[in-house]
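When reading the values below, keep in mind they use all heavy atoms of this one structure, side chains included, and skip hydrogens, waters and symmetry mates. We count ligands from 1, going down the list as the structure has it; atoms in each ligand are counted the same way.
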Amino acid sequence: MYKKSIKAFQESSKVIPGGVNSPVRAFKSVGCDPVFFERGKGSKLYDIDGNKYIDCVSSWGPLIFGHSDKETVSAINFCSEKGTTYGAPTLIETEIAEKIVQMVPSIESVRMVNSGTEATMSAIRLARGYTKKELIIKFAGNYHGHGDSFLIKAGSGALTLGLPDSPGVTKNTARDTLIATYNDKNSVEKVLKENIDNVAAIIVEPIAGNMGLVTPDNRFLKGLRELSLEYECLLIFDEVMTGFRVAQGGAQELYNVKPDITTLGKVIGGGLPVGAYGGSKKIMDYLAPQGPVYQAGTLSGNPLAMNAGLSVLKRLNHETFDILEKVSLKIHKGFLRNIEETNTKAIINRVGSMMTLFFTDSDNVCNFEDALSCDTDKYSNYFKSMLDMGVYLPPSQYECCFFSTSLTNDDIDKIIHSNKIALNNLK
Ligand SMILES: *Cc1c(COP(=O)(O)O)cnc(C)c1O
């Protein structure tokens, strides 16, 4: 069934570290060889062996409208004929910036970069330059890309592979990152008190998606806003995953809390490599060439990626999010019914089209410690069973499903039906 993929992985492993260009792709945590894909169309993915899958990952979030979405493809084609990059200003950059400013409540001015990692790295440099303080607070299990400062108790692939603290990060860098507990305002206040006048920023995933999906408690985000004002540090919402995914204006719109700086990625590029960070004009003007904090990029804001991104942002309206909610709720409800009928010990966390099924005895997963207590072996078996039935899930307990508007009713029925069989197989 996976013959060509197995062979392809042997070949890629000879010339690519671990055979992949991003760790989670190797399927290590689910104990099988990765599938190599050839093509995607709408809700479907096709691998090199000719197997067909309903995609519940959407390239880790970007593909709101599914694979090779017509309008995105035509935006890319239109632009590629005029040259893909000039390394000089273009009108489309202002157009997408205006669109982002209009959509995201706290952003008045925005700088484009090429990945989420670049956005978060730049955002903390800006926060440090602006506040003239050096320490940052992050939450255990949150992931902010692979910048040195963030690979401390990190989520996502680092967590999946049991490497939340990476070698190669110097002690001095690690020392500048302080760790707090997600959904626990007091843990943040304690760290702030112990480091009074030295904290430049609190960075948080406003909805955590990199230890599986963990929703913020009522008042947690508001609590962070209050603390950052009281202790005079900036609040950074890392909305690389949630921006344009949970609402037009991201989690900050959903929970009605305005951060000082927002980082964006994933959906913003419509499937091309794009990141961004933005905030008030006063803070953003601290960046070069206007201000002293340096940050640059040869391909930043290139017309190819901007056209692809804008083609998606333009179409995000209430209807899009209604469809995403309807699709996701149907899957959520179906899974809950299956969990009950098969007597499986599992819970589901979901916000809009982001969702995780956790195999756990407890009735809530609300922080890193809870996430760590989940049964990852069970998840592996579940994942493999779903894969064999043609449903592609994230290859880790500690990642979310991302549903797209391209899922049809038949797809949804098949996902729910396969879930029931897979849960039954676990016994
Ligand atoms: C994916 C992600 C990043 C990193 O983005 P890349 O484009 O992979 O560098 C940062 N923060 C969050 C919350 C993410 O989900």
### Task
Using a 4.5 Å cut-off on heavy atoms from C-beta on, say whether the side chain of T84 contacts that of P303.
no

### Where ligand 1 meets S115 - atom numbers and elements under 4.0 angstrom, heavy-atom basis
7 (O), 9 (O)

Please tabulate, for the side chains in residues 392-403, all donor-acceptor contacts under 3.5 angstrom to protein atoms that are two or more places apart in sequence or on a different chain.
from, atom 1, to, atom 2, distance (Å)
S396, OG, T160, OG1, 2.8
S396, OG, Y398, N, 2.9
Q397, OE1, F359, N, 3.2
Q397, NE2, L357, O, 2.9
Y398, OH, A371, O, 3.0
E399, OE2, S156, OG, 3.1

### Query
Taking everything shown except E134 itself, do over 12 heavy atoms lie less than 6.0 Å from its CD?
no

### Task
Using a strict 4.0 Å cut-off to heavy atoms of Y143, name the atoms of ligand 1 that fall inside it.
11 (N), 12 (C), 13 (C)

### Task
Using heavy-atom distances, let me know which of V274, T117, D238 sits nearest atom 13 (C) of ligand 1.
D238

### Geometric cation-pi criterion, R111 with Y277: 6.0 Å, 45°
no

### Query
Going by distance only, is there an N or O of V240 that falls short of 3.5 Å from an N or O of ligand 1?
no

### Task
Give the atoms of ligand 1, by number and element, whose distance to some non-hydrogen atom of N210 is under 4.0 Å.
12 (C), 13 (C), 14 (C), 15 (O)

#### Entry: Close side-chain approach of D55 to H67, heavy-atom, < 4.5 Å
yes

### Query
Got a salt bridge between K190 and E194, using NZ or NE/NH1/NH2 to carboxylate O under 4.0 Å?
yes

### Message
Need the ligand 1 atom indices (1-based, order shown) with element for anything under 4.0 Å from a heavy-atom of M241.
### Response
15 (O)

### Query
What part of T263 sits under 4.0 Å from ligand 1 if we count only heavy atoms: the side chain, the backbone, both or neither?
neither

### Query
Of the protein's non-hydrogen atoms, which lies at the shortest distance from atom 7 (O) of ligand 1, and what is that distance?
G116 N, 2.9 Å

### Message
As a check for students: among R245, K266, E239, identify the option with a heavy atom nearest to atom 15 (O) of ligand 1.
### Response
K266

### Task
Evaluate the side-chain proximity of K266 to R245: yes if any heavy-atom separation is below 4.5 Å, no if none is.
no

### Query
Can you list the atoms of ligand 1 that are under 4.0 Å from a heavy atom of E205?
13 (C)

